[in-house]
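When reading the values below, keep in mind they use all heavy atoms of this one structure, side chains included, and skip hydrogens, waters and symmetry mates. What you see is a predicted model, and the numbers here were worked out from it, not measured in a lab. Naming convention: chains lettered A, B, ... in sequence-line order (proteins, then strands); numbering from 1 in each chain.
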Number of protein chains: 2
Amino acid sequence: MQELEERIQSEGTVKEGNVLKVDAFLNHQCDVRLFDRMGAAWAEHFAGKKIDKILTIEASGIGIACVAAQHFGNVPVVFAKKAQSINLDGDQYVTSVYSFTKQKEFPVIVSKKYLNAGEHVLLIDDFLANGKALHGLIGLCREAGASVTGIGIAVEKGFQGGGDALRAEGYDIDSLAIVDAMDPATGEITFRH
Amino acid sequence: MQELEERIQSEGTVKEGNVLKVDAFLNHQCDVRLFDRMGAAWAEHFAGKKIDKILTIEASGIGIACVAAQHFGNVPVVFAKKAQSINLDGDQYVTSVYSFTKQKEFPVIVSKKYLNAGEHVLLIDDFLANGKALHGLIGLCREAGASVTGIGIAVEKGFQGGGDALRAEGYDIDSLAIVDAMDPATGEITFRH
């Protein structure tokens with residue numbers, strides 16, 4: 001998606017440790033007009049596929065998923081939670097994921113009420129790096145007996161390999177920008193086309 | 001907002017300890033069509049007011065705020081973060097808030113880049129109970145020199161007093177449903193009109 005690549009080039013910053021900061025428009029400050037066009041792009045990619053629900057993970061995926069859902073017939077969005085809360089009770093699907101950005105292990109929780117056998121689920125998230133968060137969400141879907149119809153990602157860090165491993169497993173991933181290389185010294189970002 | 005009250009009546013559940021669960025449509029599974037109509041309701045209430053930005057707090061506020069922003073000329077949405085992350089760097093406004101639902105103290109963080117002096121800010125959140133989270137966001141705005149134009153809330157638990165205290169301080173709060181009483185034994189919910 002050319003617009004997203006241009007925003008990453010002009011407003012993103014590359015930091016040591018494989019960190020790409022896009023908090024000006026994607027995951028701290030949110031450009032909802034961009035989110036809307038991202039949703040349109042995913043809707044075009046997944047046109048004709050049956051999608052009953054969008055599953056994402058708190059926090060940065062939520063805004064993108066909710067705006068994008070408007071391009072999928074306003075299907076429900078469910079966001080997996082990263083911590084127990086008194087608002088979560090009853091039966092839950094729970095797995096554990098290591099976060100690259102938070103540098104710790106955290107639980108990923110979805111109430112069993114909101115993920116059901118036979119549902120066709122689109123996963124959406126802001127970033128795909130090593131794929132650990134997505135594997136967590138895929139595991140929750142498998143446990144529920146739901147099928148993963150596709151995966152919509154804003155920014156894939158292609159050089160970390162998580163996306164290509166999931167593609168090799170057969171998942172249909174639509175990453176709107178794939179960064180194949182980035183250099184913290186020069187700030188240079190190379191996209192896959 | 002009649003539709004929201006009806007959804008709370010039909011799908012909400014009252015738990016011991018002043019807990020109102022609305023995770024079927026508001027803060028775990030998200031009904032984005034409802035979010036859109038909530039945004040329209042706030043836009044009507046705050047019509048004619050200058051709003052440059054929407055500020056919310058992760059996680060449950062984000063989806064509501066991003067969909068609602070489409071009714072405010074697609075202004076940027078900034079969500080305050082509740083934990084440090086390697087994605088957050090540079091100067092930050094930080095305060096500390098006690099969470100009723102998580103039952104612990106947590107930091108509330110906004111990068112100084114995304115909250116600026118002179119900006120007119122609309123605060124949006126899913127719940128208003130004792131008002132601690134909102135006071136945190138208001139404090140960050142004050143520190144930044146931004147002004148709080150108004151506050152849009154989905155569900156206010158009126159009997160916990162946070163909303164009325166903020167109204168007494170002069171804030172223009174548009175709560176789309178105000179619960180004045182709820183009974184965990186019978187499940188009965190009484191709304192303020």
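Around CD of A/Glu44, the count of heavy atoms belonging to other residues, nucleotides or ligands within 6.0 Å does not exceed 12. For A/Gln2, the CD atom is loosely surrounded, since the number of other residues' heavy atoms within 6.0 Å does not exceed 12.
Highest contact tally toward chain A, considering only B/Ala69, B/Ala65, B/Gly63, B/Cys30, is held by B/Cys30 [criterion: heavy-atom pairs under 4.5 Å]. For the set A/Asp36, A/Thr56, A/Val32, the count of heavy-atom pairs under 4.5 angstrom toward chain B peaks at A/Val32. Interface check for chain B: of the options A/Ala80, A/Ala24, A/Gly61, A/Ser60, the most heavy-atom pairs under 4.5 Å are formed by A/Ala24.
Looking at A/Gln29 and B/Lys53, their side chains do bring a donor and an acceptor atom within 3.5 Å of each other.
When the heavy atoms of residues 71-78 of chain B are compared with those of chain A, the residues falling under 4.5 Å are B/Gly73, B/Asn74, B/Val75, B/Pro76, B/Val77, B/Val78, listed by number.
Proximity to chain A (any heavy atom under 4.5 Å) is restricted, for B/Phe35, to the side chain, taken from C-beta onward.
With rounding to the nearest 0.5 Å, the separation of NE2 in B/His28 from CG in A/Leu115 is 9.0 Å.
Minimum heavy-atom separation, A/Asn27 to B/Lys81: O-NZ, 2.8 Å. Across every non-hydrogen atom of B/Ala59 and A/Ile62, the tightest pair is O-CD1, 3.6 Å.
Residues A/Ile151 and A/Leu140 share a hydrophobic cluster, clusters being chains of Ile/Leu/Val/Met/Phe/Trp/Tyr side chains in contact below 4.5 Å. Under the 4.5 Å side-chain heavy-atom criterion for Ile, Leu, Val, Met, Phe, Trp and Tyr, A/Leu26 and A/Phe79 are members of distinct hydrophobic clusters. B/Val14 and B/Ile178 sit in two unconnected hydrophobic clusters of ILVMFWY residues. Membership requires side-chain heavy atoms under 4.5 Å apart, directly or through other members.
Looking at residues two or more places apart in sequence or on another chain, you find no side-chain hydrogen bond (donor to acceptor under 3.5 Å, both in side chains) involving B/Glu188.
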